[in-house]
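Notes to accompany the following structure.
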Amino acid sequence: MTDQQYCALSVETLSQRLGGVDDVASRVGGDSSTWRVREVGDGNLNLVFIVSGSAGSVVVKQALPYVRMVGESWPLPLYRAHFEYYALVRQAQRAPGIAPEVFYFDKPQALIVMEYLYPHTILRRKLISGERVAQLGETIGEFCARMAFRGSELSLSSPEKKADVGLFSGNVAIPAITESLVFTDPYYGAEMNHHTPELSPVVDELRRNARLKAKVQRLLMKFTANTETMLHGDLHSGSIMATDTDVRVIDPEFSQYGPMAFDLGMAVANFLMAYFSQPAHRQPQALEAYQEWILEVIEACFICFDAEFRHLWQTERTGILFPKSLFEEQGNSADDACDALLEEIRLDALAYCGIEMHRRVLSLAHNADFEEIKDNALRAKLEARNVLMGQALILEPEAYSDLSALAELARAYNQQEVL
Ligand code: SR1
Ligand code: MG
């Protein structure tokens, strides 16, 4: 398959095209003409197939040369699949057991064959249907900390880190999407934007707030200029799959080197959007307990991020940053430096969180938590709470770095009649 010119797979052609690839055939098993192939891609960009045979199932993900949710009018380079592959390999090394295992990668075809996660389902669907997942916040917090620390010069050697930043700097098309859809478009009437019509008074006021826009642009500046670590880059609840007791992270195609706080902020934003949308999805008797559980997930996420980062700081600080030769070996503790760095990450994560809360209701790619609410008046009311909390986090992250203050803020907006 490797020598062939790129050609998008289909349910009809997949078995014939991948049947001769040993790494795939041995996992699926049997005669490839008997394989069952389903296209299950419901994301914004790619083709995703589940292929099953007598020995098991695999997932085949193939990039399309355009943005699937928009169509061929928005071309997107196939090379993004290479970066997804590079990211999956690094995630397996830096945070083992969380990303799907890769079985096969075909660069010209922009396709990755990987582990089929079963009986896992997309976390966003679980949050909409009110399911609980044990250790959710803990796993995501720990994952973010491991990726943040082990992808940085706190851990990597300087040449290794520079080479990786160089490699990922070839991925120009995907960061450009984040730079506009996440950081810029929500704050003016960009062409592809849409929002619930009843939300307009809140949106108009937000877009008039020059202080807010300036803060967001400063965060964009950090996002573009700061190559601290390798990010997942799109850690929303559709990029997390789970059972009741197991949590996995998928889809790192938005991976790039960027600020340590970014993934943590994105993940927490998606938990908060699940929180604010709950009144539309839960019966009143189940609502409060489930919303409180989501707040516990957020708290656990931050606590476990800090704990794991501190642990790695003590045990794996082998890079050029804050070297032990400068601290411990001179009789100085480096603990205060770690605390200060974690505080900075917490504040930036809260601000990135606020931005993600905005883009998912104001820009192009909305999330189902709000989008599936059929009653527009209710949807706008819940989205308004989310937008206003996001604004508070961007403008004043210092006020909410204490986790109980953050939870109180969410509870306060959850009660507020904005519209
Ligand atoms: C055009 S891509 C829109 C969004 O989908 C992805 O999941 C990212 O979140 C991106 O911003
Ligand atoms: Mg994705």
Side-chain angles (χ1 to χ4, degrees), residues 39-49 59-88 91 98-100 110-112 114 117 120-125 140 143 171-187 190-195 216 219-220 223-224 231-242 248-256 258 262-271 273-274 352-353 355-371 390:
E39 211 276 310
V40 294
D42 63 352
N44 297 329
L45 299 179
N46 306 294
L47 294 169
V48 183
F49 302 90
V59 164
V60 177
K61 179 171 179 181
Q62 187 180 36
L64 286 164
Y66 53 86
V67 175
R68 183 176 183 166
M69 74 181 295
V70 174
E72 294 184 31
S73 61
W74 187 349
L76 199 61
L78 295 171
Y79 66 63
R80 67 185 189 274
H82 315 169
F83 294 99
E84 177 163 8
Y85 168 69
Y86 301 143
L88 285 165
Q91 288 175 338
I98 301 294
L111 79 81
I112 304 169
M114 62 189 118
L117 299 176
H120 301 68
T121 55
I122 292 289
L123 177 66
R124 193 184 307 287
R125 300 266 36 118
I140 296 301
F143 171 78
N171 193 14
V172 291
I174 285 283
I177 293 179
T178 304
E179 289 154 14
S180 54
L181 291 194
V182 176
F183 286 93
T184 308
D185 291 3
Y187 302 100
E191 202 186 329
M192 290 183 295
N193 285 354
H194 59 102
H195 63 257
V216 174
L219 285 148
L220 171 57
F223 179 75
T224 56
L231 307 178
H232 177 283
D234 196 25
L235 192 48
H236 56 79
S237 49
S239 296
I240 299 173
M241 293 186 77
R248 307 288 294 268
V249 172
I250 62 169
D251 255 10
E253 71 196 311
F254 278 71
S255 187
Q256 64 171 94
F262 188 76
D263 286 343
L264 181 62
M266 285 255 153
V268 170
N270 280 269
F271 296 143
M273 288 186 278
Y352 287 125
C353 171
I355 296 169
E356 169 76 356
M357 290 164 84
H358 287 167
R359 62 80 63 126
R360 291 289 180 194
V361 297
L362 304 177
S363 178
L364 172 69
H366 288 210
N367 58 13
D369 311 56
F370 291 120
E371 203 154 51

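Atoms within a ligand are numbered from 1 in the order they appear, just like the ligands themselves. Throughout, residue positions are numbered sequentially from 1 according to the sequence presented.
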query: Please walk me through it: do Ile174 and Gln256 pass side chain to side chain contact (heavy atoms under 4.5 Å, CB included)?
result: CA-CA 9 Å; Ile174 285 283; Gln256 64 171 94; 5.9 Å; no

task: Any chance you could lay out the side chain to side chain contact (heavy atoms under 4.5 Å, CB included) test for Leu231 and Phe223, step after step, and finish with the verdict?
output: CA-CA 11 Å; Leu231 307 178; Phe223 179 75; 3.9 Å; yes

field: Working for salt bridge (Lys or Arg N to Asp or Glu O under 4.0 Å), residues Asp369 and Arg124
entry: CA-CA 7 Å; Asp369 311 56; Arg124 193 184 307 287; 2.9 Å; yes

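The shortest contact between atom 11 (O) of ligand 1 and any protein heavy atom is with Arg359 NH2, 2.5 Å. Given atom 9 (O) of ligand 1, the protein heavy atom at minimum distance is Asp234 OD1, 2.7 Å.
The Leu45 neighbourhood of ligand 1 comprises atoms 2 (S), with distances under 4.0 Å to a heavy atom of that residue. Listed by number with element, the atoms of ligand 1 under 4.0 Å from a non-hydrogen atom of Ala365 are 3 (C), 4 (C). If you number the atoms of ligand 1 from 1 as listed, the ones under 4.0 Å from a heavy atom of Arg360 come out as 9 (O). Proximity to Val67 (heavy-atom distance under 4.0 Å) selects the following atoms of ligand 1: 1 (C). Near His236, the atoms of ligand 1 lying under 4.0 angstrom from a non-hydrogen atom of the residue are 7 (O). Near Asn44, meaning under 4.0 Å from any of its heavy atoms, are these atoms of ligand 1: 3 (C), 4 (C), 5 (O), 6 (C), 7 (O).
For the pair Glu84 and Lys61, the salt-bridge criterion is met [side-chain N within less than 4.0 Å of a carboxylate O]. The pair Arg80-Asp234 does not count as a salt bridge, with every side-chain nitrogen at least 4.0 angstrom from each carboxylate oxygen.
Of all N/O/S atoms in Asp251, OD2 sits nearest the Mg ion (ligand 2).
Using cut-offs of 30° and 60° on the angle between ring planes, the pair Tyr187 and His358 is perpendicular.
For a threshold of 3.5 Å applied to N or O pairs, the pair formed by Trp74 and ligand 1 contains no separation below that value.
Between Phe143 and His232, the distance separating the two ring centers is not shorter than 6.0 angstrom.
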